Amino acid sequence: MKFFVDTANLNQIREAQDLGVLDGVTTNPSLMAKEGITGKENILNHYKAICEIVDGDVSAEVIATDFEGMVREGEELAALNAQIVVKLPMIKDGIKAAKYFNDKGIKTNVTLVFSAGQALLAAKAGATYVSPFIGRLDDISTDGLNLIAEIREIYDNYGFETQILAASIRHTMHVLNCAKIGADVMTGPLSSILGLLKHPLTDIGLEKFLADYKKGN
Ligand code: E4P
């Protein structure tokens, strides 16, 4: 399972990279705005800065909602760095753009996916990643994890190579449950990854080992 962090915060990206288990980064316009990154030039420079920190794929989202605009923006984003994955919204022109970029060998991430039918279409278009938003489904009393399971079954039925990128992850149990179902990738806040570290018996055990060592030394 690949671990991505879902943030545009460079310190958090550095911390995740330093841990040695980071496979990539996802961003979106809201995450960019949260960091105060505005204006085309600043946004493009920020993507370049993220690519310098991480080794893996970095999803950069287009703003255009028409095919020509998405192609124009996507090509500009892809030219920034070979690590860039063009993030496209799950709308008709987004699917057309995913097919276009796939034919050109440019990686894509189809985002804002909330149904198995949408994920099927993204796979047919040859998307590299599909991003089902599980936290936002949970927010409206719909089982987000069930969507991951449905997509896994459909993709396995036909051997689709599109990777299931479980997005809108809110906490560590989401990460674990996505791993059990077989999501290819998770993207979430750094805290959802760091939560995997924690167990009180680990802390108690370590404290005792160190105390016993001190007794004899
Ligand atoms: C995915 O790529 C999105 O950036 C993200 O996971 C959205 O998560 P949210 O629902 O916490 O905003």
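As the structure is a computational prediction, the values presented were derived from the model and not from experiment. Order of listing sets the numbers, starting from 1, for every ligand and every atom in it. We're numbering straight along the sequence, starting at 1.
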How about CD on Glu75, more than 12 heavy atoms from neighbouring residues, nucleotides or ligands closer than 6.0 Å, or not?
yes
Going by an N to O cut-off under 4.0 Å, is there a salt bridge joining Arg152 and Asp156?
yes
Electrostatic pair Glu52-Arg14, nearest N-O below 4.0 angstrom
no
Are Phe114 and Ile181 connected, step by step, through hydrophobic side chains (Ile, Leu, Val, Met, Phe, Trp, Tyr) whose heavy atoms are closer than 4.5 Å?
yes
Supply the members, apart from Ile63, of the Ile/Leu/Val/Met/Phe/Trp/Tyr cluster built from side-chain contacts under 4.5 Å; use none for a lone residue.
none
Assess whether a salt bridge exists between Lys215 and Asp212, defined as any Lys/Arg side-chain N lying under 4.0 Å from an Asp/Glu carboxylate O.
yes
N/O to N/O under 3.5 Å, ligand 1 against protein:
| unit_1 | atom_1 | unit_2 | atom_2 | d |
| --- | --- | --- | --- | --- |
| ligand 1 | 2 (O) | Lys87 | NZ | 2.7 |
| ligand 1 | 4 (O) | Asp6 | OD1 | 2.9 |
| ligand 1 | 4 (O) | Asp6 | OD2 | 3.4 |
| ligand 1 | 4 (O) | Asn28 | ND2 | 2.7 |
| ligand 1 | 4 (O) | Lys87 | NZ | 3.3 |
| ligand 1 | 6 (O) | Asp6 | OD2 | 2.7 |
| ligand 1 | 6 (O) | Ser168 | N | 2.7 |
| ligand 1 | 10 (O) | Arg136 | NE | 2.7 |
| ligand 1 | 10 (O) | Ser168 | OG | 2.7 |
| ligand 1 | 10 (O) | Arg170 | NH2 | 2.9 |
| ligand 1 | 11 (O) | Arg170 | NE | 3.4 |
| ligand 1 | 12 (O) | Arg136 | NH2 | 2.8 |

